[in-house]
Chemist: 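Quick one: structure below, then a few questions.
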Amino acid sequence: TLIIATCDSLNLLRPTVVSRLQWIDVLALDKNTLKSSFGENIAQDKFEQSYAVSQGNVVSFLKLIGKIESDDDAKIESIKRAKQLISMSRFERMCEIEKIVKDDKIKTQDILDSMAQVLRAVLLSSVRASKNLDNNKLMHKIELINQAQKNLANNLSEKLVLTNLFHKL
């Protein structure tokens, strides 16, 4: 019997499961391939940002640059929500917890995935461009989000996990 499972992050799986798996990394498309295929008539900044956020995923990249119209795409909405949360002050994020847990259409796990994805994209662009961003702070924030994801996977209260995360961010 062969079971094929897909997962965006091994951190979300229990160690007993990971120890029994064989995995194949599916690599994202490189920047040059996307640039030659879809990069014409796109501003360089928009291309760089879209590539960093999509992490080479073609469908996400095309949606971010507007080549594919889809208002109901949960992943793109989740990325937009994550950007909003990251740009908020601590107080504003804390005020959003109740809305995220009860009212938000986007699942908490998806928001955390998107927050980590956006922060990784910022970190990557910072390192590549040798900008003066505090990369250690970015790494710490990504680690906090990874820990929050593990806590959610272990069935801790969403409200408690988000309160702890947003307090530390």
Side-chain angles (χ1 to χ4, degrees), residues 4-13 18 21-90 92-93 96 100 104-150 152-153 161-162 165-166 168-169:
I4 298 175
T6 62
C7 183
D8 290 332
S9 173
L10 288 177
N11 294 337
L12 300 176
L13 299 175
V18 173
L21 294 176
Q22 293 181 0
W23 60 85
I24 300 170
D25 289 325
V26 178
L27 300 176
L29 288 179
D30 66 292
K31 194 184 291 188
N32 293 333
T33 303
L34 280 176
K35 184 81 170 168
S36 64
S37 300
F38 307 107
E40 67 280 346
N41 303 326
I42 301 172
Q44 183 65 26
D45 286 348
K46 181 166 181 146
F47 177 84
E48 294 291 333
Q49 288 175 347
S50 298
Y51 181 78
V53 171
S54 70
Q55 297 178 338
N57 180 302
V58 177
V59 175
S60 294
F61 176 79
L62 292 174
K63 287 179 181 177
L64 287 167
I65 64 171
K67 295 269 186 182
I68 296 177
E69 294 295 326
S70 178
D71 294 336
D72 62 340
D73 186 5
K75 185 63 178 171
I76 299 300
E77 289 303 315
S78 178
I79 289 171
K80 288 178 184 175
R81 185 77 168 114
K83 286 180 178 180
Q84 290 172 345
L85 288 167
I86 290 168
S87 65
M88 291 177 178
S89 68
R90 177 182 293 159
E92 291 171 322
R93 277 193 300 268
E96 292 289 312
I100 293 169
D104 222 327
K105 297 177 212 165
I106 305 167
K107 294 179 184 173
T108 303
Q109 189 67 47
D110 293 338
I111 291 174
L112 293 178
D113 288 341
S114 295
M115 287 177 74
Q117 188 175 355
V118 168
L119 288 173
R120 280 193 297 271
V122 170
L123 178 64
L124 185 63
S125 67
S126 169
V127 169
R128 285 185 179 158
S130 300
K131 293 181 181 173
N132 276 343
L133 294 178
D134 191 348
N135 293 341
N136 289 331
K137 279 186 181 179
L138 289 172
M139 290 288 292
H140 180 66
K141 288 179 179 185
I142 293 168
E143 289 171 8
L144 289 172
I145 293 169
N146 286 338
Q147 184 60 47
Q149 289 174 313
K150 286 180 184 177
L152 274 181
V161 169
L162 289 175
L165 173 65
F166 289 174
K168 291 179 179 179
L169 280 182

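The analysis underlying the following values was restricted to heavy atoms, covering all of them including side chains, and did not include hydrogens, waters or symmetry mates. For clarity, every value in this text was computed on a predicted model and none was experimentally measured.
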Chemist: Salt bridge check: are Lys168 and Glu143 linked by an N-O gap of less than 4.0 Å?
Modeler: no
Chemist: For the residue pair Leu112 and Leu162, establish whether any side-chain heavy-atom pair is separated by less than 4.5 Å.
Modeler: yes
Chemist: First locate atom CG of Leu85, then atom CD of Glu96, and finally report the distance between them rounded to the nearest 0.5 Å.
Modeler: 6.5 Å
Chemist: Rounded to the nearest 0.5 Å, how far apart are NZ of Lys107 and CG of Asp113?
Modeler: 11.0 Å
Chemist: Is there a donor-acceptor contact under 3.5 Å from the side chain of Ser54 to the main chain of Tyr51?
Modeler: yes
Chemist: Closer than 4.0 angstrom, basic N to acidic O: yes or no for Lys80 and Glu77?
Modeler: yes
Chemist: Do Ser114 side-chain atoms and Ala82 backbone N/O form a donor-acceptor pair below 3.5 Å?
Modeler: no
Chemist: Which distance, rounded to the nearest 0.5 Å, do you find between the CD1 of Ile145 and the CG of Leu119?
Modeler: 4.5 Å
Chemist: Spell out, as yes or no, whether a donor-acceptor pair under 3.5 Å connects the side chain of Glu92 to the backbone of Ser89.
Modeler: yes
Chemist: Kindly indicate whether the side chain of Arg81, heavy atoms from C-beta on, has any atom under 4.5 Å from the side chain of Ile100.
Modeler: yes
Chemist: Nearest 0.5 angstrom please: Leu165 CG to Leu152 CG, how far?
Modeler: 9.5 Å
Chemist: What I want to check is whether the side chains of Glu48 and Gln44 have a donor and an acceptor closer together than 3.5 Å.
Modeler: yes
Chemist: Enter the distance from Gln149:CD to Met115:CE here, rounded to the nearest 0.5 Å.
Modeler: 10.0 Å
Chemist: Please say which of Asn136, Leu144, Ile142 ends up in a side-chain contact (heavy atoms from CB on, under 4.5 Å) with His140.
Modeler: Leu144
Chemist: Would you say the side chain of Ile86 lies within less than 4.5 Å of the side chain of Leu169, judging by non-hydrogen atoms?
Modeler: no
